[in-house]
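To start, the structure itself, in C-alpha cells.
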Amino acid sequence: MAETAPRPSNFIRQIIDKDLASGLHSSVATRFPPEPNGYLHMGHAKSICLNFGIAQDYQGTCNLRFDDTNPDKENIDYVNAIKQDVKWLGFEWAGKERYSSDYFDALYGYAVELIEKGLAYVDFSSPDEVRALRGTLTEPGQNSPYRDTTPEENLAHFEKMKAGEYKEGSCSLRAKIDMASAFMCMRDPVIYRVKFAHHHQTGDKWCIYPMYDFTHCISDAIEGITHSLCTLEFQDNRRLYDWVIENISIECTPRQYEFSRLNLEYTVLSKRRLIQLVEDKHVNGWDDPRMPTIAGIRRRGYTPASIQEFCKRIGVTKMDNMVEMSMLEACIRDELNTDAPRRMAVLDPIKVVIENYPEDKVEWIDAANHPSEEGMGTRKIAFSKTLWIEREDFREQANKKFKRLVLDKEVRLRNAYFLKANSVDKDQNGEVTTIYCTYDPDTLGKDPADGRKAKGVIHWVSATEAKPAQFMLYDRLFTEANPAAQEDFAGCINASSLVVKHGFVEPALAQSENLERFQFERTGYFCVDEESTPDKLIFNRTVELRDTWAKIGD
RNA sequence: UGGGGUAUAGCCAAGUUGGUAAGGCAGCGGGUUUUGAUCCCGCCAUUCGUAGGUUCGAGUCCUGCUACCCCAGCCA
C-alpha cells in the first residue's frame, strides 16, 4: 500500500536513459504537435501524457507546437480549444505556444538552400502527372522532366511561386531524392505547394505553404527538440525526416521515434470520423459526453488525473492495440470511489407511502458523505411519510436472490429505517403506482432488537423535500467493438447511447456546481452538467458502479 | 522476397550480459459490508505467432515460415 508508484518504463524512456547516460544529450526536450483542424481526443491524451510526462520526469521541457501548414483545414477556434484541453489535462508547455508558421521564413530559407545545392526543383507537372510518375509499391517511379532544371532557374521559379505568379496546382517544389526508392515518401516528395489561403497566424503573407515532412523536422531542430515522438504511420517518413536534417545547414539533429496510436473499443479515434459524427449530428457537438474527445470526456465527468492514470496503465509500445473501455472506466471509478461524496438519487421513481409515519413530520437525518472517509463529513437528508424509491427496487414477488423490497418483506432504507411493503395501488395497465408500507421506528442507525435481518439495502429520497432532476445515462457510442473496421461506421451507432431519465435527488444537491462529482449510491458516479441550473438540475452519469448482480441476472 | 513495422493470457503490458513468465484491466471462487459498491483473501500462460537449430539451459541467440498493421495526398 505504501509502495511508491513505479515510474513508467517504456522503450522510449529507455532510449532517453541511454542517450543521457552516453552523454548524447544532457537534457530532454519534447513537443506535442497537434494540427489545429479538430478537437483533441483520447489518442492525443496518450501523446500528451507521453511527451509532457517525459519532460516532467526528466526535468526537461515540452513545447506545444501547432502544426499549422495547411490553412485550408485549420482555424483559430481549434487552437484555442486545444490549448484549453492541454491545460485542463494538467500540463504546462514551455514558454508561449509555438506554431510551425513561426518558422515559415526559416523554412523558405532552407528550401532555397536545397535548391542551391541542387537538391530541390520546381516541378510544373500537375498533381495527376506527379502521381503518374511516382510508380507503385512494386514499381519504381520515373524522373520528372523538370528534375534537371538548373538551380538558378529553380531559384527564379521558386521566387515566382512565392510571389504568387503561379496558380494553385500548377507547380510545386520537390526534393530531389530518389524516384526508385522503396520508400514512397522518398520519391521526390513535394515540400512546398501553392495555396492562396488566408492563414490564421500569418494572414495573407504567404501563398506557398511547406508540407509536413519538410516542416516538422526543421521545426523540431529549430526548437532544439531531442526526441520527436509520433505515431507508427510515420515510420517510413523518418527517412525523409533524417534526409532533410542532414541536407540543410542546421546543427541540431533531433531523432524521431514512433509508438502505436491508441484504439479504444466501441468508439472511434480519428479526426475524420469524429468530425463526421459532429457534422452529421449523430452527437450534440464536440463536447457531447459520449464523444472520446477531451472535451466530451470532461463533460462526462472524467478527471484529468483519471485520464493520466489511464495513459499510464495502457503503456507505450509499438504494438497495434485495442484497449477495452473497462480499462478507462476502472481509472475513474478508482478515483471517484475515494473522492466523490455519496448522495442519493432516484432515477426512475415509484411512490412509497409509510402508513405508520406521521402526516406532516419531516426528520432530518445525518448521513455520512463517505462510508469509510469520516473526514468527508455528513449532510442532512430528509425523511418523511412519502418517499420515492427506484422502480426496479420493488417486486410484488421475487426469488431469494432479489435483495430489495418485496411485498410482505423488509429492506433497509439506506441511512434510515427498516421498511416493509404491505400493499400496492395499480393503474389500468397493472403498473404499480404506489407502495403502502410500514417502517420500524427503532431501526435508525441500528439493527432491530429482535435480530431480524433486512433483505438488502435500497436508496430513496423524500417525496416532499426532494428536487426534481434530469439524468443523462450514457452508454457506448457504437454497437461494434471496432466501428472503424465497418464499411459504414455510422451504421453501427448505438441507438440507446443516451437515455434521459427524470427523477429526484436529495435536497443537498439543490445547489451544486458545474462538473461537481458525486456517487449516487447504488446507481453510479454522476457529475453536474454545464447546463444544469438550480431550477433544472441535470446530471451526467460518468460511469456505473461495478455491478456483479447485473451479470448474474436473476 | 517492393519497403517499413509488430507478434507474451479475453484486453493492455513487463521481461535489455540466455538461468527457469511482473503488474494492471476483465473474469472466477470465498470473507466483510446499512451501496449487489468499496475493501480483503485466493484462482487465472509448464508457456511466449509457428517450425526447426545452437545451448546444460531460449520469451530472450540463429534460420525458415505464418498472421496482422503502415506506405503510391500538392493531408498530417
Of the nucleotides [options], which one has an atom closest to the side chain of [X]?
{"X": "A:Met319", "options": "B:A7, B:U16, B:C12", "result": "B:A7"}
{"X": "A:Gln14", "options": "B:A76, B:G36, B:G15", "result": "B:G15"}
{"X": "A:Ala182", "options": "B:A26, B:C12, B:G2", "result": "B:G2"}
{"X": "A:Thr548", "options": "B:G36, B:A72, B:C12", "result": "B:G36"}
{"X": "A:Ala330", "options": "B:U16, B:A26, B:G36", "result": "B:A26"}
{"X": "A:Val323", "options": "B:A76, B:C12, B:C74", "result": "B:C12"}

Whole angstrom value for the distance that separates [atom2] of [N] from [atom1] of [X]:
{"X": "A:His370", "N": "B:U38", "atom1": "NE2", "atom2": "C1'", "answer": "8 Å"}
{"X": "A:Phe259", "N": "B:A13", "atom1": "CZ", "atom2": "P", "answer": "12 Å"}
{"X": "A:Asn263", "N": "B:G10", "atom1": "CG", "atom2": "P", "answer": "19 Å"}
{"X": "A:Asp447", "N": "B:U33", "atom1": "CG", "atom2": "P", "answer": "10 Å"}
{"X": "A:Phe234", "N": "B:A76", "atom1": "CZ", "atom2": "P", "answer": "9 Å"}
{"X": "A:Leu405", "N": "B:G36", "atom1": "CG", "atom2": "P", "answer": "14 Å"}
{"X": "A:Met211", "N": "B:C74", "atom1": "CE", "atom2": "C1'", "answer": "6 Å"}
{"X": "A:Glu324", "N": "B:A9", "atom1": "CD", "atom2": "P", "answer": "13 Å"}

Is there a donor and acceptor pair closer than 3.5 Å between the side chain of [X] and the base of [N]?
{"X": "A:Glu258", "N": "B:G5", "answer": "no"}
{"X": "A:Asp547", "N": "B:G36", "answer": "no"}
{"X": "A:Arg546", "N": "B:U38", "answer": "no"}

- [ ] Write down the distance separating the C1' atoms in B:U16 and B:A58, rounded off to the nearest Å.
- [x]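 Nearest-Å result for B:U16 against B:A58 at atom C1': 15 Å.
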May I ask you to check whether [Y] and [X] place their ring centres under 6.0 Å from each other?
{"X": "A:Tyr417", "Y": "A:Phe383", "result": "yes"}
{"X": "A:Tyr39", "Y": "A:His44", "result": "no"}
{"X": "A:Tyr192", "Y": "A:Phe158", "result": "yes"}
{"X": "A:Phe11", "Y": "A:Phe259", "result": "no"}

Side-chain N or O of [X] closer than 4.0 Å to phosphate OP1/OP2 of [N]:
{"X": "A:Gln142", "N": "B:A72", "value": "no"}
{"X": "A:Arg522", "N": "B:G36", "value": "yes"}
{"X": "A:Arg313", "N": "B:G23", "value": "no"}
{"X": "A:Lys195", "N": "B:C75", "value": "yes"}
{"X": "A:Arg238", "N": "B:G5", "value": "yes"}
{"X": "A:Ser260", "N": "B:C69", "value": "no"}
{"X": "A:Arg193", "N": "B:C75", "value": "yes"}
{"X": "A:Thr317", "N": "B:A13", "value": "yes"}
{"X": "A:Thr136", "N": "B:G2", "value": "no"}

Report the base-pairing partner of [N] (Watson-Crick or G-U wobble, both distances below 3.5 angstrom), or none.
{"N": "B:G2", "value": "B:C71"}
{"N": "B:A21", "value": "none"}
{"N": "B:C43", "value": "B:G27"}
{"N": "B:A7", "value": "B:U66"}

TODO: Can you sort out the partners of A:Thr378 under side chain to side chain contact (heavy atoms under 4.5 Å, CB included), two or more places apart, ordered by chain and number?
DONE: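 So A:Thr378 forms a side chain to side chain contact (heavy atoms under 4.5 Å, CB included) with A:Asp366.
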Open item on the list: Does B:G73 count as syn, meaning its glycosidic angle lies within 90° of 0, or as anti?
Closed with: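 Syn, angle within 90° of zero.
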Open item on the list: Using heavy-atom distances to pick each residue's nearest nucleotide on RNA chain B, tell me which of A:Asn415 and A:Gly169 is more 5'.
Closed with: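 Nearest nucleotide further toward 5': that of A:Asn415.
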Open item on the list: On RNA chain B, compare the nucleotides closest to A:Ser126 and A:Glu233; which residue's is nearer the 5' end?
Closed with: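 That would be A:Glu233.
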- [ ] Check the geometry between A:Trp549 and B:G36 and answer yes if their rings are stacked (centres below 5.5 Å, planes below 30°), otherwise no.
- [x]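 Ring-base stacking flag set for A:Trp549 and B:G36.
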TODO: For A:Gly445, report the nucleic acid contact type (base, sugar-phosphate, nothing); a contact means any heavy atom under 4.0 Å.
DONE: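 Counting heavy atoms under 4.0 Å across all strands, the contact made by A:Gly445 includes a base.
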Open item on the list: Looking only at side-chain N and O atoms, does A:Asp320 offer a donor or acceptor that is under 3.5 Å from a partner on A:Ser260?
Closed with: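 Checked: A:Ser260/A:Asp320 side chains show no N/O donor-acceptor pair below 3.5 Å.
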Task: Side-chain ion pair, A:Arg187 and A:Asp178, N-O less than 4.0 Å - done: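 Not counted as a salt bridge, because no side-chain N and carboxylate O are separated by less than 4.0 Å.
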Task: 4.5 Å side-chain heavy-atom contact, A:Asp67 and A:Tyr212 - done: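 Yes, close enough: below the 4.5 Å cut-off.
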